[in-house]
Chemist: 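Can you read through this structure? Questions will come right after.
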Amino acid sequence: ELKVEQNPLFLSMQEGKNYTIYCNYSTTSDRLYWYRQDPGKSLESLFVLLSNGAVKQEGRLMASLDTKARLSTLHITAAVHDLSATYFCAALPMDSNYQLIWGAGTKLIIKP
Amino acid sequence: GAVVSQHPSWVICKSGTSVKIECRSLDFQATTMFWYRQFPKQSLMLMATSNEGSKATYEQGVEKDKFLINHASLTLSTLTVTSAHPEDSSFYICSASHSYSNQPQHFGDGTRLSIL
(Lines give C-alpha, C1' and ligand atoms only; values in the text may rest on other atoms or scores of the structure.)
Protein backbone atom coordinates (compact mmCIF):
# COMPACT_ATOMS: atom_id res chain seq x y z
CA GLU A 1 0.00 0.00 0.00
CA LEU A 2 1.37 3.36 -1.03
CA LYS A 3 1.91 5.90 1.74
CA VAL A 4 3.13 9.46 1.35
CA GLU A 5 5.02 11.30 4.07
CA GLN A 6 5.67 15.00 3.87
CA ASN A 7 8.12 17.01 5.93
CA PRO A 8 8.06 19.46 7.54
CA LEU A 9 4.40 19.87 8.46
CA PHE A 10 4.82 23.52 9.33
CA LEU A 11 7.43 26.02 8.30
CA SER A 12 7.82 29.67 9.15
CA MET A 13 10.60 31.54 7.41
CA GLN A 14 11.79 35.01 6.53
CA GLU A 15 11.51 36.49 3.08
CA GLY A 16 14.60 36.00 0.99
CA LYS A 17 15.53 32.64 2.48
CA ASN A 18 15.69 29.26 0.79
CA TYR A 19 14.10 26.03 2.00
CA THR A 20 13.14 22.57 0.81
CA ILE A 21 10.02 20.55 1.51
CA TYR A 22 10.41 16.78 1.29
CA CYS A 23 7.95 14.15 0.12
CA ASN A 24 8.80 10.50 0.69
CA TYR A 25 6.64 7.66 -0.55
CA SER A 26 6.65 4.05 0.51
CA THR A 27 6.27 1.95 -2.63
CA THR A 28 7.01 2.27 -6.29
CA SER A 29 5.39 5.21 -8.00
CA ASP A 30 6.63 7.18 -10.96
CA ARG A 31 4.00 9.88 -10.89
CA LEU A 32 4.24 12.62 -8.31
CA TYR A 33 2.25 15.84 -8.06
CA TRP A 34 2.58 19.06 -6.09
CA TYR A 35 -0.37 21.27 -5.24
CA ARG A 36 -0.83 24.59 -3.48
CA GLN A 37 -3.80 25.44 -1.28
CA ASP A 38 -4.58 28.93 0.00
CA PRO A 39 -6.79 29.29 3.11
CA GLY A 40 -10.42 28.61 2.31
CA LYS A 41 -9.60 27.67 -1.27
CA SER A 42 -9.33 24.50 -3.27
CA LEU A 43 -6.17 23.00 -4.75
CA GLU A 44 -4.04 24.54 -7.46
CA SER A 45 -1.79 22.27 -9.47
CA LEU A 46 1.87 23.31 -9.36
CA PHE A 47 3.96 20.51 -10.81
CA VAL A 48 3.54 17.17 -12.53
CA LEU A 49 6.58 14.87 -12.25
CA LEU A 50 6.33 11.76 -14.39
CA SER A 51 9.81 10.26 -14.57
CA ASN A 52 12.95 9.66 -12.58
CA GLY A 53 15.14 12.74 -12.56
CA ALA A 54 12.31 15.05 -13.60
CA VAL A 55 12.88 18.65 -12.59
CA LYS A 56 10.33 21.40 -13.08
CA GLN A 57 10.65 25.08 -12.22
CA GLU A 58 8.11 27.85 -11.97
CA GLY A 59 9.31 31.16 -10.60
CA ARG A 60 10.82 30.65 -7.16
CA LEU A 61 9.63 27.05 -6.89
CA MET A 62 11.46 24.03 -8.22
CA ALA A 63 10.32 20.43 -7.90
CA SER A 64 12.27 17.25 -8.51
CA LEU A 65 11.65 13.52 -8.46
CA ASP A 66 14.02 10.67 -7.59
CA THR A 67 12.09 7.45 -8.06
CA LYS A 68 14.97 5.29 -6.82
CA ALA A 69 15.04 7.11 -3.50
CA ARG A 70 11.24 7.45 -3.57
CA LEU A 71 11.67 11.12 -2.86
CA SER A 72 10.38 14.34 -4.32
CA THR A 73 11.45 17.78 -3.20
CA LEU A 74 9.93 21.23 -3.53
CA HIS A 75 12.60 23.88 -3.24
CA ILE A 76 11.80 27.49 -2.49
CA THR A 77 14.34 30.09 -3.55
CA ALA A 78 14.43 33.59 -2.07
CA ALA A 79 10.99 33.22 -0.55
CA VAL A 80 8.42 36.00 -0.83
CA HIS A 81 5.28 36.55 1.21
CA ASP A 82 3.00 35.55 -1.69
CA LEU A 83 4.28 32.00 -1.45
CA SER A 84 2.63 31.57 1.97
CA ALA A 85 0.19 28.66 1.58
CA THR A 86 -0.15 24.98 2.32
CA TYR A 87 1.67 22.72 -0.09
CA PHE A 88 0.62 19.12 -0.71
CA CYS A 89 2.41 16.36 -2.53
CA ALA A 90 0.48 13.39 -3.88
CA ALA A 91 1.50 10.19 -5.59
CA LEU A 92 -0.29 7.79 -7.90
CA PRO A 93 -0.02 4.09 -7.14
CA MET A 94 1.29 2.01 -10.03
CA ASP A 95 -2.07 0.24 -10.37
CA SER A 96 -4.16 3.40 -10.54
CA ASN A 97 -4.55 6.14 -13.10
CA TYR A 98 -6.61 8.54 -11.02
CA GLN A 99 -6.70 7.88 -7.30
CA LEU A 100 -4.12 10.04 -5.55
CA ILE A 101 -2.45 9.26 -2.24
CA TRP A 102 -1.89 12.48 -0.32
CA GLY A 103 0.81 13.79 1.98
CA ALA A 104 -0.28 15.61 5.15
CA GLY A 105 0.64 19.00 3.73
CA THR A 106 3.21 21.61 4.67
CA LYS A 107 1.89 24.90 5.97
CA LEU A 108 4.35 27.57 4.89
CA ILE A 109 4.34 31.03 6.41
CA ILE A 110 6.74 33.58 5.00
CA LYS A 111 7.28 36.66 7.08
CA PRO A 112 8.22 40.00 5.55
CA GLY B 1 -9.29 23.46 -20.32
CA ALA B 2 -10.39 20.85 -17.78
CA VAL B 3 -12.53 23.13 -15.65
CA VAL B 4 -14.50 21.68 -12.78
CA SER B 5 -17.31 23.75 -11.32
CA GLN B 6 -18.53 23.08 -7.79
CA HIS B 7 -21.65 24.64 -6.37
CA PRO B 8 -22.47 26.11 -3.91
CA SER B 9 -19.24 27.54 -2.54
CA TRP B 10 -20.57 28.12 0.99
CA VAL B 11 -23.61 26.81 2.79
CA ILE B 12 -24.83 27.57 6.29
CA CYS B 13 -27.89 25.65 7.45
CA LYS B 14 -29.62 24.31 10.50
CA SER B 15 -29.05 20.88 11.96
CA GLY B 16 -31.25 18.22 10.39
CA THR B 17 -31.24 19.78 6.93
CA SER B 18 -30.08 17.86 3.88
CA VAL B 19 -27.61 19.66 1.65
CA LYS B 20 -26.79 18.89 -1.98
CA ILE B 21 -23.47 19.82 -3.55
CA GLU B 22 -22.99 19.70 -7.32
CA CYS B 23 -19.80 19.00 -9.21
CA ARG B 24 -19.70 19.57 -12.96
CA SER B 25 -16.97 19.07 -15.51
CA LEU B 26 -17.53 21.99 -17.89
CA ASP B 27 -15.36 21.21 -20.88
CA PHE B 28 -14.69 17.50 -20.70
CA GLN B 29 -16.38 14.22 -19.93
CA ALA B 30 -15.22 12.90 -16.61
CA THR B 31 -14.30 9.24 -16.44
CA THR B 32 -14.32 9.27 -12.68
CA MET B 33 -15.28 11.76 -10.02
CA PHE B 34 -13.99 11.94 -6.46
CA TRP B 35 -15.37 13.51 -3.32
CA TYR B 36 -13.05 14.67 -0.55
CA ARG B 37 -13.55 16.10 2.88
CA GLN B 38 -11.03 18.37 4.53
CA PHE B 39 -10.98 19.41 8.16
CA PRO B 40 -9.07 22.55 9.22
CA LYS B 41 -5.30 22.15 9.05
CA GLN B 42 -5.56 18.62 7.70
CA SER B 43 -4.98 16.93 4.41
CA LEU B 44 -7.68 15.79 2.04
CA MET B 45 -9.60 12.70 3.04
CA LEU B 46 -11.10 10.72 0.19
CA MET B 47 -14.74 9.93 0.89
CA ALA B 48 -15.80 8.12 -2.26
CA THR B 49 -15.06 7.46 -5.90
CA SER B 50 -17.80 7.36 -8.49
CA ASN B 51 -18.04 6.31 -12.10
CA GLU B 52 -20.91 7.43 -14.30
CA GLY B 53 -23.87 5.12 -14.17
CA SER B 54 -22.60 2.94 -11.35
CA LYS B 55 -22.71 3.02 -7.58
CA ALA B 56 -20.06 4.98 -5.77
CA THR B 57 -17.26 3.22 -3.94
CA TYR B 58 -17.04 4.56 -0.41
CA GLU B 59 -13.91 4.64 1.70
CA GLN B 60 -13.85 2.82 4.99
CA GLY B 61 -15.66 4.70 7.71
CA VAL B 62 -17.76 6.85 5.36
CA GLU B 63 -21.48 6.22 5.76
CA LYS B 64 -23.05 5.75 2.35
CA ASP B 65 -26.54 6.45 3.69
CA LYS B 66 -25.31 9.71 5.17
CA PHE B 67 -23.38 10.91 2.15
CA LEU B 68 -25.41 10.08 -0.94
CA ILE B 69 -23.56 10.27 -4.23
CA ASN B 70 -25.28 10.35 -7.58
CA HIS B 71 -23.24 10.29 -10.77
CA ALA B 72 -25.96 10.49 -13.39
CA SER B 73 -23.89 11.69 -16.33
CA LEU B 74 -20.31 12.07 -17.51
CA THR B 75 -20.35 15.72 -16.51
CA LEU B 76 -22.28 15.80 -13.24
CA SER B 77 -21.92 14.24 -9.82
CA THR B 78 -23.80 15.28 -6.69
CA LEU B 79 -23.09 14.74 -3.02
CA THR B 80 -26.02 15.01 -0.63
CA VAL B 81 -25.30 15.26 3.06
CA THR B 82 -28.48 13.91 4.61
CA SER B 83 -29.81 15.17 7.93
CA ALA B 84 -26.64 17.17 8.49
CA HIS B 85 -25.34 17.78 11.99
CA PRO B 86 -22.63 20.13 13.29
CA GLU B 87 -20.00 17.38 13.07
CA ASP B 88 -20.60 17.28 9.31
CA SER B 89 -19.34 20.84 9.03
CA SER B 90 -16.28 20.73 6.83
CA PHE B 91 -14.79 21.73 3.50
CA TYR B 92 -15.89 19.38 0.72
CA ILE B 93 -13.95 19.23 -2.53
CA CYS B 94 -14.84 17.34 -5.68
CA SER B 95 -12.50 16.38 -8.48
CA ALA B 96 -12.91 14.81 -11.91
CA SER B 97 -10.67 12.74 -14.13
CA HIS B 98 -10.50 12.18 -17.85
CA SER B 99 -8.27 10.05 -19.97
CA TYR B 100 -6.54 12.76 -21.98
CA SER B 101 -4.92 14.81 -19.26
CA ASN B 102 -1.54 14.58 -17.58
CA GLN B 103 -3.33 15.47 -14.37
CA PRO B 104 -4.99 12.57 -12.57
CA GLN B 105 -7.64 14.86 -11.11
CA HIS B 106 -9.00 18.34 -11.74
CA PHE B 107 -10.43 20.02 -8.67
CA GLY B 108 -13.52 22.06 -8.03
CA ASP B 109 -13.31 25.18 -5.88
CA GLY B 110 -14.71 23.42 -2.83
CA THR B 111 -17.82 23.89 -0.71
CA ARG B 112 -17.65 25.14 2.83
CA LEU B 113 -20.48 23.53 4.79
CA SER B 114 -21.41 24.98 8.18
CA ILE B 115 -24.15 23.28 10.17
CA LEU B 116 -25.56 25.26 13.10
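Excluded from the calculations below are hydrogen atoms, water molecules and symmetry mates; all remaining heavy atoms, backbone and side chain alike, are included. To find a chain, count down the sequence lines: A is the first, B the second, and so on, and within it residues start at 1.
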Chemist: Count the heavy atoms of every other residue, nucleotide or ligand shown that sit under 6.0 Å from NZ of A:Lys41, and state whether that count exceeds 12.
Modeler: no
Chemist: Which pair of non-hydrogen atoms, one from B:Ser97 and one from A:Tyr98, has the smallest distance, and what is that distance?
Modeler: CB-CD2, 3.3 Å
Chemist: Examine A:Trp102 and A:Tyr25 and state if one hydrophobic cluster contains both, with Ile, Leu, Val, Met, Phe, Trp and Tyr joined whenever side-chain heavy atoms are less than 4.5 Å apart.
Modeler: no
Chemist: State whether the number of non-hydrogen atoms from other residues, nucleotides or ligands found under 6.0 Å of B:Lys55 atom NZ is greater than 12.
Modeler: no
Chemist: With rounding to the nearest 0.5 angstrom, report the CZ to OH distance, B:Phe107 to A:Tyr35.
Modeler: 4.5 Å
Chemist: If you draw a 6.0 Å radius around CD in B:Glu87, do more than 12 non-hydrogen atoms from other residues or ligands fall strictly inside?
Modeler: yes
Chemist: Hey, any chance B:Met45 and B:Ile69 share a hydrophobic cluster, counting ILVMFWY side chains that come within less than 4.5 Å of each other, even indirectly?
Modeler: yes
Chemist: With the side chain counted from C-beta on, respond yes when A:Ser45 and B:Gln103 share a heavy-atom pair under 4.5 Å apart, and no when they do not.
Modeler: yes
Chemist: Closest approach of B:Ile93 and A:Ser42, non-hydrogen atoms and distance?
Modeler: CG2-OG, 3.5 Å
Chemist: A:Leu100 versus B:Leu44: any side-chain heavy-atom pair under 4.5 Å?
Modeler: no
Chemist: Heavy atoms under 4.5 Å from chain B: which residues of residues 2-11 of chain A carry them?
Modeler: none
Chemist: Tell me whether A:Phe88 is reachable from A:Leu108 by hopping between hydrophobic residues (I, L, V, M, F, W, Y) whose side-chain heavy atoms are closer than 4.5 Å.
Modeler: no
Chemist: Name the region of B:Gln6, side chain, backbone, both or neither, that has any atom closer than 4.5 Å to a heavy atom of chain A.
Modeler: neither
Chemist: Where on A:Leu92 is there a heavy atom nearer than 4.5 Å to chain B: the side chain, the backbone, both, or neither?
Modeler: side chain
Chemist: So which part of B:Ser9 gets closer than 4.5 Å to some heavy atom of chain A, the side chain, the backbone, both or neither?
Modeler: neither
Chemist: If Ile, Leu, Val, Met, Phe, Trp and Tyr residues are connected whenever their side-chain heavy atoms lie under 4.5 Å apart, and connections chain through other members, are A:Leu65 and A:Ile76 in the same group?
Modeler: yes
Chemist: Is it the case that atom OH in A:Tyr22 sees more than 12 heavy atoms from other parts of the structure closer than 6.0 Å?
Modeler: no
Chemist: Can you find a pair of side-chain heavy atoms, one from B:Phe91 and one from A:Gln37, that are under 4.5 Å apart?
Modeler: yes
Chemist: Please check if the number of heavy atoms outside A:Met62 that lie under 6.0 Å from its CE is greater than 12.
Modeler: no
Chemist: Please look at B:Gln105 and chain A and tell me whether the side chain, the backbone, both or neither of the residue comes under 4.5 angstrom of a heavy atom of that chain.
Modeler: both
Chemist: Taking atom NE2 as the centre, does B:His7 end up with more than 12 heavy-atom neighbours from other residues, nucleotides or ligands that are less than 6.0 angstrom away?
Modeler: no
Chemist: Do B:Val81 and B:Tyr58 sit in one hydrophobic cluster, given that two such residues count as connected whenever their side-chain heavy atoms are within less than 4.5 Å of each other, even indirectly?
Modeler: yes
Chemist: Among B:Gln38, B:Lys41, B:Arg112, B:Gln42, which residue has the highest count of heavy-atom pairs closer than 4.5 Å to chain A?
Modeler: B:Gln38
Chemist: I'd like to know if the side chain of B:Ser43 and the backbone of A:Gly105 have a donor-acceptor N/O pair within less than 3.5 Å.
Modeler: no
Chemist: Examine whether an atom of A:Gln99 lies under 4.5 Å from a heavy atom of chain B, and if so say whether it belongs to the side chain, the backbone or both; otherwise answer neither.
Modeler: both
